[in-house]
Chemist: 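Quick one: the structure is below, and I'll ask about it shortly.
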Amino acid sequence: SLLRQVSSLLRRLPAMESEKFQDDFLMEFNDTLLMTYLAM
Amino acid sequence: SDSIYFYDEAAQAKFQHDKPWQQDPNFFRRVKISALALLKMVVHARSGGTIEIMGLMQGKTDGDTIIVMDAFALPVEGTETRVNAQADAYEYMVDYSQTNKRVGRLENVVGWYHSHPGYGCWLSGIDVSTQMLNQKFQEPFLAVVIDPTRTVTAGKVEIGAFRTYPEGYKPADEPVSEYQTIPLNKIEDFGVHCKQYYALDITYFKSSLDSHLLDLLWNKYWVNTLSSSPLLGNRDYVAGQIFDLADKLEQAENQLAHARLGSFFMPSQRKKEEESQLAKITRDSSKITVEQVHGLMSQVIKDILFNSVHQ
Amino acid sequence: EDQLHAHLICCLENFVNSSPSLWLLPLAYGRKGSRVKVLAFREKLAELYESERQWSKAAQMLSGIDLDSGIRIDDAKKLAKCVKIATLYLEDDDSVNAEAFVNKASFLVGNSQHEAISLQYKVCYARILDLKRKFLEAALRYYDISQIEKRHISDEVVDEDALEQTLSAAVTCTILAAAGPQRSRVLATLYKDERCTKLKIYPILQKVYLERILRKPEIDAFAEGLKPHQKAFLPDNFTVLDRAMIEHNLLSASKLYTNISFEELGALLGIAPQKAEKIASRMIYEDRMRGSIDQVEAVIHFEDDTEELQQWDQQIVGLCQALNDILESMGRKGI
């Protein structure tokens with residue numbers, strides 16, 4: 001049962017893999033870097 | 001270790017009788033808050049969102065320390081800038097205190113707490129007058145302020161404990177308080193009253209049962225740490241902070257421009273003032289940015305941890 | 001009145017002849033009865049019908065009392081009569097007649113000081129909503145009644161079993177209600193009420209609240225505890241229960257899958273693919289589920305208005321919990 005649990009855990013990776021997620025993630029990434037730049 | 005939870009009624013009565021605080025306006029210097037009271041106050045403050053909330057604290061005193069054992073919310077309607085305990089809150093306070101005595105909870109009310117969502121822990125004009133009134137008739141009495149919004153951003157509880165000086169009292173030395181960003185629209189309220197009160201040192205304590213329960217919740221803690229996004233949760237607050245920063249920059253710039261037109265040789269005092277104002281703005285700016293970069297770092301780490309593994 | 005009078009006397013004599021034990025019935029009523037006597041007759045006859053468990057007849061007998069004009073009856077008595085008649089009709093699940101008297105009572109209950117009657121009025125009202133399949137409203141009223149704190153109302157004792165049955169009725173009606181945000185809120189309230197953990201129906205409440213798919217055996221077990229009207233057939237030849245369960249499972253599937261073909265969705269729900277498409281389109285139209293249907297491909301795409309980044313955090317919570325569970329079970333096994 002342990003091995004089954006481990007295998008189902010691994011099967012859940014990667015946690016998120018959608019195009020929309022990538023867009024949102026990079027958008028947030030750039031916003032924060034822009035803010036850092038402005039602060040500088 | 002749980003002896004702090006024992007209530008010595010005789011000692012408290014003697015302390016009430018001696019009234020040592022009357023000889024020294026700075027008599028109380030420390031506050032000890034129980035884990036239970038802290039949790040209840042923070043949860044209550046966060047439940048209010050951007051609306052201020054208010055509640056009372058029960059506890060006792062030990063020398064120059066006020067010990068807060070428990071806290072309870074008051075049924076008052078807060079707004080963005082005002083929390084006034086309505087008449088029904090007074091009735092509620094009396095009922096609550098009497099009911100407590102009946103069930104063997106002997107601690108008295110030792111203070112009140114309220115929240116400043118997003119604008120830091122200090123006492124406004126209304127807070128100072130409320131606290132002065134309480135210190136006149138309900139000593140020993142403490143004022144605690146919690147900022148639930150900054151708590152989320154900073155990842156630790158933003159909390160301050162204060163006591164006011166008697167009317168007209170001039171404190172010998174400038175009370176040293178940790179630097180914090182005060183929004184432009186509140187700076188005046190802050191500046192006018194900041195010398196009428198002083199901050200106490202806050203420490204926390206928990207019972208053996210609290211320790212056991214918090215250990216049981218340990219996995220909730222690390223799961224929450226890994227699955228939270230400070231960047232997501234506090235967007236409005238950060239946007240408000242940057243907006244406030246822009247306002248302050250503009251104000252500083254106007255003053256600089258104004259000064260340049262006025263006279264060629266800026267008096268050194270004036271120059272120092274400008275610098276300290278700009279220095280504060282720079283400090284605020286780097287504080288906001290550091291918090292954002294921390295948030296971004298956690299996102300990148302989470303991305304590497306949870307999204308880079310492929311079947 | 002005289003004809004009615006004669007009719008009543010005749011009914012009484014029939015009763016007396018048919019059930020000799022009723023000789024006890026005091027035949028003090030002579031032919032010279034008055035309005036008040038008619039009232040007394042009716043009440044007496046209604047009592048007898050009630051003792052014979054002929055609920056509707058007892059209700060009809062009482063409903064013949066002219067409450068509005070003539071005899072001077074104060075509001076409290078009128079209210080008591082209306083509630084009594086509605087209660088009797090409801091014993092035969094006759095919501096139409098019962099509703100007429102509950103509506104009459106609703107004008108009087110506001111000023112009533114008699115808590116027991118007010119409580120009975122609330123019970124009648126909830127049962128009528130239940131019979132009319134307004135399950136969510138019925139559930140809220142049942143739940144409200146089940147939260148009574150007093151155990152003595154007027155000179156009557158509030159029965160714990162009755163309260164438990166009312167709470168159970170609230171859970172049943174919520175489960176039968178149309179799936180959607182409102183039902184989810186009531187489910188959350190019930191799920192967090194620790195009294196529900198003691199109910200026989202709790203396992204299914206838990207699965208419904210946690211939006212898990214319900215299997216046929218669980219649905220059949222739940223069906224055993226339903227009342228006839230809750231198993232009645234709807235115009236589309238599905239029962240109330242079928243519809244509630246299919247919609248619930250569809251909503252659960254929308255939390256599990258990003259998209260699914262109607263072929264597989266039909267198999268999952270145990271219905272024809274066309275039927276699944278029809279129900280899904282209605283739920284999307286009524287804004288009880290978010291998604292879009294590609295009829296060419298015969299696929300439904302579920303939408304979740306949670307932001308991607310927040311969904312990511314939710315996935316991470318699930319991953320961490322699963323990891324924590326593995327570590328704990330390894331600890332328990334001494335590995």
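The model shown is predicted, which means the values in this text are computed figures rather than measured ones. Computed over heavy atoms, backbone and side chain alike; hydrogens, waters and symmetry mates excluded. All chains are named by letter (A, B, ...) in the order of the sequence lines, taking the proteins before the strands, and each is independently numbered beginning at 1.
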Chemist: Select, from Gln315(C), Glu307(C), Glu328(C), Gln314(C), the one with the greatest count of heavy-atom pairs under 4.5 Å involving chain B.
Modeler: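 Going by pairs under 4.5 Å, I would pick Glu307(C).
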Chemist: Answer yes or no: is there an ion pair linking Glu250(B) with Lys248(B), defined by an N-O contact shorter than 4.0 Å?
Modeler: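 No, this pair does not count.
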Chemist: Is Leu319(C) in contact with chain B via its backbone, its side chain, both, or neither, using a 4.5 Å heavy-atom distance?
Modeler: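 Side chain of Leu319(C) only, per the 4.5 Å heavy-atom cut-off to chain B.
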Chemist: Salt bridge or not for Lys280(B) and Asp284(B), using N-O below 4.0 Å?
Modeler: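 No, Lys280(B) and Asp284(B) are not salt-bridged.
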Chemist: Please look at Asn224(B) and chain C and tell me whether the side chain, the backbone, both or neither of the residue comes under 4.5 angstrom of a heavy atom of that chain.
Modeler: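 For Asn224(B), there is no contact with chain C at all, as no heavy atom is under 4.5 Å.
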Chemist: Gln310(C) versus chain B, heavy atoms under 4.5 Å apart: side chain, backbone, both or neither?
Modeler: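 Both backbone and side chain.
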Chemist: Counting only N and O atoms by type, is there a donor-acceptor contact under 3.5 Å from the side chain of Lys40(B) to the main-chain atoms of Ala71(B)?
Modeler: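 Yes; at least one donor-acceptor contact below 3.5 Å.
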Chemist: Side chain from CB out, backbone as N, CA, C, O: work out which of these in Lys220(B) comes under 4.5 Å of a heavy atom of chain C, or both, or neither.
Modeler: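 Side chain only.
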Chemist: For the backbone of Glu297(C) and the side chain of Asp294(C), can you confirm whether one donor and one acceptor N or O come within less than 3.5 Å of each other?
Modeler: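 Confirmed, Asp294(C) side chain pairs with Glu297(C) backbone.
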Chemist: Heavy-atom cut-off 4.5 Å, strictly under: side chain, backbone, both or neither for Leu327(C) against chain B?
Modeler: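 Contact with chain B involves no heavy atom of Leu327(C) at all.
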Chemist: Which residue in the set Val110(B), Asn100(B), Val68(B) passes side-chain contact (heavy atoms from CB on, under 4.5 Å) when paired with Gln58(B)?
Modeler: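 Of Val110(B), Asn100(B), Val68(B), side-chain contact (heavy atoms from CB on, under 4.5 Å) with Gln58(B) is met by Asn100(B) alone.
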Chemist: Quick check on Leu226(B) against chain C: is it the side chain, the backbone, both or neither that has a heavy atom closer than 4.5 Å?
Modeler: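 Both the backbone and the side chain of Leu226(B) come within 4.5 Å of chain C.
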Chemist: Between the main-chain N or O of Tyr119(B) and the side-chain N or O of Trp122(B), is there a donor-acceptor pair closer than 3.5 Å?
Modeler: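 At least one qualifying donor-acceptor pair exists.
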